[in-house]
Amino acid sequence: MTIAVPRNTVAGTEKLGFDGPGPEKSAPGKSAQEKWGLPRVVGSALRVPLVTGERVEYANLDHAASAPCLEQVRDAVDELLPWYASVHRGAGFASQVSTKVYEQARTSVRRFLGARDSDAVVFARNTTDALNLLARSLPKHTAVILFDTEHHAALLPWRGPNVRRLRTPASPAQAVLELDRALREAPVGPRLVVVTGASNVTGEVWPVAELARVARRHGARIALDAAQLAPHRPVDVRALDVDYTVLSGHKVYAPFGAGVLVGRSDWLQAAEPYLVGGGATARVTDHGDRLGVAWSAVPERHEAGTPNVVGVHALAVACDVLGRHWAQTTEHERVLLARLRAGLETVPGVHELTLFGADQDRVGVVSFTVGGQDAGYLAAALSAEHGIGVRDGAFCAHVAVHRLTDGERALRASIGLGTTEEHVDRFVAALRALVTEGSRWEYEHRNGRWVPLNDERALPPFLR
Ligand code: PLP
C-alpha cells in the first residue's frame with residue numbers, strides 16, 4: 001500500500017551522506033546544556049539526512065525508550081577501558097581495579113536511590129531482567145497485586161492463580177482505595193504490590209508513597225518500577241518506603257547494558273539463583289551421581305556469569321551525575337513539557353492520552369492519537385522529512401494503550417536532557433503540517449511499518 005501525497009519536492013535532489021555538504025533545514029537550537037547548566041549528552045549535535053536530501057540536527061524525542069549517553073558516562077567508560085579486566089576472580093592488578101569499580105558501583109546506586117544499608121544491590125541487564133529476577137525470588141504462594149496498565153516488563157513476570165490485576169482507576173486516590181480493598185481480600189501469606197513510578201505511556205506519576213503506606217498497613221511488600229521515573233525525578237526509597245526498586249541504565253543515560261534491582265535481601269537470599277553458573281556458586285562438589293552446590297550469598301547469588309563491569313560503571317556514573325543535577329533537570333523538563341503539551345493542543349485532531357486526567361503530575365512523556373491518522377505513518381514522515389525521532393505503537397503497554405485509544409496505535413514524544421526548545425517547536429510544526437497539509441513524500445506499508453519510497457538516506461560510514 002502506498003500513499004501518494006502532494007508537494008513532493010525531492011526529484012533531482014542529490015543524495016547526501018552524514019558528512020557531506022547539504023542545505024541547512026533549520027538552525028540548531030541553543031543547547032539545553034548551555035541554557036540550564038545540565039550535563040551534556042553525546043550526540044547532541046548529531047545531524048541526520050532527510051529523504052529530501054537535506055540534513056538537520058536530530059531531534060530525539062524518544063528519551064523514554066532509550067536516553068542518549070551522558071558525556072561524563074562516555075568519558076568514565078573511556079577511562080575504565082584500559083583497566084578493564086575480569087571481575088572478582090582475577091589476581092592481576094587490573095582485575096582488582098575492575099573489581100573495585102564494580103563493587104563501588106553498588107554504593108553509587110544505593111546513594112542515588114536513597115536505599116537502606118541493608119538493601120541488596122543486584123546488577124541485572126535492565127528493568128525487565130531485574131523484575132524477572134524478583135518474580136523468580138518470591139516465596140511460594142506470594143500474592144501479587146498490580147494495576148493492569150503496567151509496562152509488559154512489570155505486567156508479565158507474575159503468573160498463576162495468586163496474581164491479581166486491578167483495572168486502573170480514573171484517579172490516584174481511587175488507585176489507593178482499590179489497592180486497599182484488594183489487599184483486604186488477599187489470601188494470608190506473603191504479598192507483593194508492583195507499581196510503576198511513572199507511566200511509560202502517559203508520563204503520569206503514580207502515588208507510590210500512598211500505595212506503599214497501604215501495602216505496609218496490610219503487611220505487604222511493594223516493588224517500584226522506576227524505569228521511567230528515575231531519569232526524570234529523584235527516587236528516595238526510604239521516603240517512599242518501597243521494598244524493591246528496579247531501573248535500566250539505558251534510560252538514565254548509561255547505555256551499556258546494565259540495570260539493577262535494589263531491595264530487601266531476605267527473599268533474594270532464600271531463592272534459588274535466577275541464573276546458574278560461575279559467580280553464583282561458593283562451592284561445587286562431585287558426588288558421583290550428582291553435584292553438590294553451595295550457592296553464593298546475595299548479590300553474587302543472582303549475578304552468575306562474568307559481570308558487565310563497563311555497564312555497571314556507566315550506570316553508577318550516570319547515577320552520580322543525575323544525582324547532582326536534579327534542580328536543573330526537573331526545571332528544564334517542566335518547561336519543555338509545558339511547551340510540548342501547549343504546542344500539541346494547537347494541532348488539529350490531537351488527543352492526548354491520560355490515565356488520571358490532564359492535570360496529573362507527569363514526567364516528560366506524552367502519548368497521543370491524531371484523529372483519523374495512522375501513528376506509524378506520522379512517525380515515519382516525522383523522521384524522513386523532519387529528522388525527528390518519536391515512537392509509535394502501543395509502547396509495550398498494550399492493555400494501557402488499547403484501553404486509552406480504543407485499539408488505535410498512538411504516537412509518543414518524550415523529552416530529556418538532550419531536548420531543546422527547537423526540537424519541541426520543530427516537532428509541533430512538523431506534526432501540524434503533516435496533519436493539515438499531508439506529507440511531501442510517498443510511503444509504502446512494508447512488513448508492518450511505513451517506509452519512505454526511494455529512501456536514499458545514507459547510513460553513517462561505519463555501516464556502509
Ligand atoms: N518499565 C517501564 C515503565 C518502562 O518504560 C520500560 C521500558 O520502556 C520497562 C519497564 C522495561 O525496561 P527495559 O526494556 O530496559 O527492560
Side-chain angles (χ1 to χ4, degrees), residues 60-69 109 113 122-136 144 146-158 165 168 175 193-208 211 222-233 235 240 242 244-263 274-275 302 308 311-312 314-315 318-319 333 353-356 360-367 389-401 404 410-416:
N60 177 359
L61 294 176
D62 199 12
H63 281 68
S66 284
C69 186
V109 172
L113 294 174
V122 183
F123 289 117
R125 285 185 296 156
N126 47 36
T127 302
T128 305
D129 195 28
L131 283 167
N132 275 274
L133 161 60
L134 180 59
R136 296 279 197 91
V144 177
L146 65 158
F147 291 94
D148 63 358
T149 50
E150 292 290 341
H151 186 283
H152 294 168
L155 190 67
L156 300 180
W158 343 90
R165 275 190 309 279
T168 295
V193 175
V194 182
V195 68
T196 188
S199 163
N200 73 307
V201 177
T202 67
E204 284 162 285
V205 173
W206 278 70
V208 177
L211 294 169
I222 182 164
L224 170 64
D225 173 358
Q228 290 298 340
L229 188 61
H232 301 285
R233 304 274 175 90
V235 174
L240 293 171
V242 291
Y244 304 95
T245 306
V246 291
L247 58 84
S248 295
H250 72 100
K251 293 193 197 285
V252 292
Y253 306 91
F256 291 87
V260 72
L261 164 66
V262 176
Y274 170 51
L275 275 179
H302 297 296
N308 175 8
V312 159
L315 171 59
C319 287
E333 293 185 359
L353 307 189
T354 172
L355 297 168
F356 299 139
Q360 176 64 14
D361 183 21
R362 64 194 66 219
V363 299
V365 178
V366 181
S367 295
V390 293
R391 254 309 151 100
D392 64 282
F395 321 125
C396 296
H398 293 179
V399 175
V401 171
L404 295 172
L411 272 171
R412 181 180 73 185
S414 52
I415 60 175

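Note that the structure is a prediction, hence the values are computed from the model and not measured. Just so you know, ligand 1 is whichever comes first in the structure, and atom 1 is the first atom listed for that ligand.
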**Study point:** Heavy-atom nearest neighbour of atom 6 (C) of ligand 1 within options H151, E150, Q228, R391
**Key:**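 The option holding the nearest heavy atom is H151.
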
Check your understanding: In terms of ring plane angle, is the pair F356 and W206 parallel, tilted or perpendicular, where the classes change at 30° and 60°?
Key -> perpendicular

So, taking the atom named [atom1] in [X] and the one named [atom2] in [Y], what distance separates them when rounded to the nearest 0.5 Å?
X: Y244; Y: D225; atom1: OH; atom2: CG; value: 15.5 Å
X: T149; Y: L155; atom1: OG1; atom2: CG; value: 8.5 Å
X: T128; Y: H152; atom1: OG1; atom2: NE2; value: 11.0 Å
X: N200; Y: E150; atom1: CG; atom2: CD; value: 9.0 Å

**Study point:** Contact (N/O only, under 3.5 Å) between D129 and ligand 1
**Key:** no

Point to revise | Nitrogen or oxygen atoms of T196 and ligand 1 under 3.5 Å apart | key: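 No - when backbone and side-chain N and O of T196 are compared with those of ligand 1, no distance drops under 3.5 Å.
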
**Study point:** For atom 8 (O) of ligand 1, closest protein heavy-atom neighbour
**Key:**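 The closest heavy atom on the protein side is K251 NZ, 2.6 Å.
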
**Study point:** Closest approach of any protein heavy atom to atom 16 (O) of ligand 1, naming residue and atom
**Key:**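 Nearest neighbour among protein heavy atoms for atom 16 (O) of ligand 1, to 0.1 Å: T128 OG1, 2.5 Å.
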
Practice item. Please check if any side-chain donor atom of T196 sits under 3.5 Å from a side-chain acceptor atom of Q228, or the reverse. Key: no

Hey, which atoms in ligand 1 end up nearer than 4.0 Å to a heavy atom of [X]?
X: S248; value: 12 (O), 13 (P), 15 (O), 16 (O)
X: A153; value: 10 (C), 11 (C)
X: H250; value: 13 (P), 15 (O)

Check your understanding: Distance-only, no hydrogens or angles: does the N60 side chain make a donor-acceptor pair with backbone N or O of P68 under 3.5 Å?
Key ->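 Answer holds: no.
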
Review point. Between R125 and ligand 1, which part of the residue brings a heavy atom under 4.0 Å of the ligand: side chain, backbone, both or neither?
Key: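 Answer for R125: neither.
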
Check your understanding: Is it the side chain, the backbone, both or neither of D225 that has a heavy atom closer than 4.0 Å to ligand 1?
Key ->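 The answer is the side chain of D225.
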
